[in-house]
Amino acid sequence: AYLKELMHREDVRRSIVKTFPEATRTQKTALCWIFADSKSPDLLPTLNQLGSDPDGQVSTAAKRAAHVIQQARPTP
């Protein structure tokens with residue numbers, strides 16, 4: 001719950017994104033859902049990149065998280 005709250009801070013989001021190359025499948029998948037919960041559009045590039053991850057679980061979680069963020073954006 002604490003990490004979800006921290007994800008509302010841009011500096012925290014940027015720091016966490018830098019950890020993805022070393023993250024495990026479990027960590028990447030969990031972070032995708034935390035990213036989705038933050039609904040921060042600045043995370044879409046990272047999620048789109050993870051959508052191409054060779055690990056199917058990671059790519060699916062990233063695509064779903066990106067979809068959640070895109071749906072949360074106001075339509076013009």
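Just so we're clear, the structure is a prediction, and the values are computed from it rather than from any experiment.
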Can you tell me how far [atom2] of [Y] sits from [atom1] of [X], rounded to the nearest 0.5 angstrom?
X   : Y   : atom1 : atom2 : result
N48 : I69 : CG    : CD1   : 9.0 Å
S38 : R9  : OG    : CZ    : 13.5 Å
E10 : D42 : CD    : CG    : 5.5 Å
T46 : L31 : OG1   : CG    : 11.0 Å
H67 : L47 : NE2   : CG    : 13.0 Å
L50 : C32 : CG    : SG    : 5.0 Å

Answer with yes or no whether the hydrophobic clustering places L44 together with W33; edges join I, L, V, M, F, W, Y residues whose side-chain heavy atoms lie under 4.5 Å apart.
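Shared cluster, no.
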Tell me whether V17 shares a hydrophobic cluster with I34, the cluster being built from Ile, Leu, Val, Met, Phe, Trp, Tyr side chains joined at under 4.5 Å.
yes
Pairwise side-chain contact, R13 with F35, heavy-atom cut-off 4.5 Å (strictly under):
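R13 does not reach F35 side chain to side chain.
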Within the side chain of T19, is there an N or O that forms a donor-acceptor pair under 3.5 Å with the backbone of I16?
yes
Give a yes or no on whether the backbone of Q27 and the side-chain of T24 come within a donor-acceptor separation of less than 3.5 Å.
yes
Which atom of S59 lies closest to which atom of G51, heavy atoms considered
CB-O, 3.2 Å
Looking at every heavy atom in both K18 and E22, which two are closest together, and how far apart are they?
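Smallest interatomic distance, heavy atoms only, reads O-OE1, 3.9 Å.
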